[in-house]
Amino acid sequence: MIRRATKDDADALEAMDRVCFPHDHPYGLFHWDKGVCWIAIQGSSGEFYSDPMPIGYIAAHPIRRGVWFYSRVGVMPGARGVGLQRKLTATLERHGRREGWREIVTYTVGRNGFSTANILAAGYRTYEPRKSYVGFEVVHMRKRLQ
């Protein structure tokens, strides 16, 4: 089951983020006041395991009118390889279309081939922004929703 995350999920989201990105330093990923976040719970409908527990998440926040930054998606190691990242991304896009977003932008680091492949397979296209908002050695991608 994928559901909208709330502030009550903050500890679980941060714990998953530490597992999924052990070498990163989070920068306020979950913007409760202006952003959106979804959490995937396994076991809720028998889709992954038997005991309900958080297994993935996706977060996004606005960067300018109609353009949202898909800032993070994480899938716990035991839940990888079953298409959860794509399901989370599709959930974000459905929400964005309902809310009238024009575009979603994101990036991956060059060495994260699995995530890059998943995002490209979801219809995102690479581009070069005028100024990189995250540095070098990343693949910038975007998808127009309208």
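Any value given below was found using the heavy atoms of this structure, including those in side chains, with hydrogens, waters and symmetry copies removed. Note that this is a predicted model, so its numbers are computed, not measured.
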S.K.: Compile the donor-acceptor pairs under 3.5 Å between side chains in residues 108-115 and protein atoms, sequence neighbours left out, one pair per line.
M.R.:
{"unit_1": "Thr108", "atom_1": "OG1", "unit_2": "Thr116", "atom_2": "OG1", "d": "2.5"}
{"unit_1": "Asn112", "atom_1": "OD1", "unit_2": "Ser115", "atom_2": "N", "d": "3.3"}
{"unit_1": "Ser115", "atom_1": "OG", "unit_2": "Gln85", "atom_2": "NE2", "d": "2.9"}

S.K.: For residues Met76 and Cys20, determine if any side-chain heavy atom of one lies less than 4.5 Å from a side-chain heavy atom of the other.
M.R.: yes
S.K.: For a side-chain contact (heavy atoms from CB on, under 4.5 Å) check, start with the C-alpha distance between Arg4 and Val36, then their side-chain angles and the critical distance, and finish with the verdict.
M.R.: CA-CA 8 Å; Arg4 185 85 176 257; Val36 293; 3.0 Å; yes
S.K.: To the nearest 0.5 Å, how far apart are CZ in Arg64 and CD in Glu103?
M.R.: 6.5 Å
S.K.: When you compare the side chains of Glu93 and Tyr124, does any donor N or O come within less than 3.5 Å of an acceptor on the partner?
M.R.: yes
S.K.: Ala121 and Arg86: which non-hydrogen atoms are nearest, and at how many Å?
M.R.: CB-NH2, 3.4 Å
S.K.: Is a donor on one side and an acceptor on the other found under 3.5 Å between the side chain of Thr106 and the backbone of Met141?
M.R.: no
S.K.: Enter the distance from Lys87:NZ to Ile2:CD1 here, rounded to the nearest 0.5 Å.
M.R.: 7.0 Å
S.K.: Holding to side-chain contact (heavy atoms from CB on, under 4.5 Å), I want the full list of residues that pass it with Arg3, two or more places apart in sequence or in another chain.
M.R.: Met1, Asp9, Ile39, Ile41
S.K.: Counting C-beta onward and ignoring hydrogens, is there a side-chain heavy-atom pair between Leu84 and Ile55 closer than 4.5 Å?
M.R.: yes
S.K.: Side chains of Arg72 and Phe21, heavy atoms from C-beta outward: is any pair under 4.5 Å?
M.R.: yes
S.K.: Do Leu92 and Trp101 touch side chain to side chain, with heavy atoms closer than 4.5 Å?
M.R.: yes
S.K.: Indicate the atoms forming the closest heavy-atom contact of Gly74 with Leu88, along with that distance.
M.R.: O-CD1, 4.4 Å
S.K.: Any chance you could measure Asp11, atom CG, to Met16, atom CE, to the nearest 0.5 Å?
M.R.: 11.0 Å
S.K.: Output all residues satisfying side-chain contact (heavy atoms from CB on, under 4.5 Å) with Arg98, sequence neighbours left out; order by chain, then residue number.
M.R.: Arg94, His95
S.K.: Tell me whether Glu128 at atom CD has more than 12 heavy atoms from other residues, nucleotides or ligands lying less than 6.0 Å away.
M.R.: no
S.K.: Is it the case that the side chain of Arg80 and the backbone of Val75 share a donor-acceptor pair, with hydrogens and angles ignored and the cut-off at 3.5 Å?
M.R.: yes
S.K.: If you look at every heavy atom in Val82 and Ala79, which pair is closest and at what distance?
M.R.: CG2-O, 3.3 Å
S.K.: If we ignore hydrogens and angles and just use 3.5 Å, is the side chain of Arg102 paired with the main-chain N or O of Arg65 as donor and acceptor?
M.R.: yes
S.K.: Give me the atom names and distance for the closest heavy-atom approach of Ala122 to Thr89.
M.R.: CB-CG2, 4.4 Å
S.K.: Nearest 0.5 Å, what's the CZ-CZ distance between Arg142 and Arg125?
M.R.: 11.5 Å
